[in-house]
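Both backbone and side-chain heavy atoms feed into the values below; hydrogens, waters and symmetry mates do not. The structure presented is a predicted model; accordingly, all values stated were derived computationally and were not measured.
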Amino acid sequence: MSVSKVIELSSSSPKSIEDAVQTGLRKMAHTVKNIKGAWVNDIKVVTDADGGVTEWRVNMRINFVVE
């Protein structure tokens, strides 16, 4: 029998949604082992005055197995 836990985190990137997700997962993997998946809950963008995207932001729930 295994037990899993979920942690919620926010991450951002000036490049893309995918980069924001990967950046968050990589950072989390430094301190949390056995990451099994992630759910992107929310996506937000920061824009400049002309409506261009300057930053992508994601909120995620990270699932990992507790040892």
Side-chain angles (χ1 to χ4, degrees):
M1 184 171 135
S2 64
V3 176
S4 65
K5 185 171 181 171
V6 176
I7 295 176
E8 191 164 354
L9 74 97
S10 297
S11 181
S12 64
S13 168
K15 296 178 187 176
S16 66
I17 295 170
E18 182 178 352
D19 190 55
V21 170
Q22 288 180 346
T23 299
L25 287 171
R26 271 190 246 110
K27 187 82 166 181
M28 179 65 75
H30 289 295
T31 57
V32 174
K33 297 178 182 178
N34 297 323
I35 295 174
K36 299 299 179 188
W39 296 271
V40 177
N41 301 0
D42 196 22
I43 300 169
K44 181 183 176 184
V45 296
V46 177
T47 62
D48 58 19
D50 297 326
V53 175
T54 60
E55 185 177 56
W56 295 91
R57 295 181 182 174
V58 295
N59 289 333
M60 298 184 287
R61 290 183 180 164
I62 310 299
N63 178 292
F64 63 97
V65 174
V66 178
E67 293 181 346

Heavy-atom pair of closest approach, residues Ala20 and Trp56: CB-O, 4.1 Å
Mind checking salt bridge (charged side-chain N to carboxylate O under 4.0 Å, His left out) for Glu55 and listing every partner two or more places apart, or none if nothing turns up? Arg57
Distance in Å, Asn59 CG paired with Ser12 OG, rounded so as to fall on 0.5 Å steps: 10.5 Å
With rounding to the nearest 0.5 angstrom, report the CD to CD distance, Gln22 to Glu18. 4.5 Å
Distance-only check: which donor-acceptor pairs under 3.5 Å involve side-chain atoms of residues 38-54, not counting sequence neighbours?
unit_1 : atom_1 : unit_2 : atom_2 : d
Asp48  : OD1    : Asp50  : N      : 3.1
Asp48  : OD1    : Gly51  : N      : 3.0
Asp48  : OD1    : Gly52  : N      : 2.7
Thr54  : OG1    : Val46  : O      : 3.0

Under the side-chain hydrogen bond (donor to acceptor under 3.5 Å, both in side chains) rule, collect the residues that match up with Asn63, sequence neighbours excluded. none
Check side-chain hydrogen bond (donor to acceptor under 3.5 Å, both in side chains) between Ser4 and all other residues, then give those that pass, not counting sequence neighbours. none
Tell me every residue that passes side chain to side chain contact (heavy atoms under 4.5 Å, CB included) with [X], counting only those two or more places apart in sequence or in another chain.
| X | result |
| --- | --- |
| Lys15 | Ser13, Asp19 |
| Leu9 | Ser11, Met28, Met60, Ile62 |
| Ser2 | Val65 |

Does the side chain of Lys5 come within less than 4.5 Å of Phe64's, by heavy atoms? yes
Linked, directly or transitively: Val3 and Val6 (ILVMFWY side chains, under 4.5 Å): no
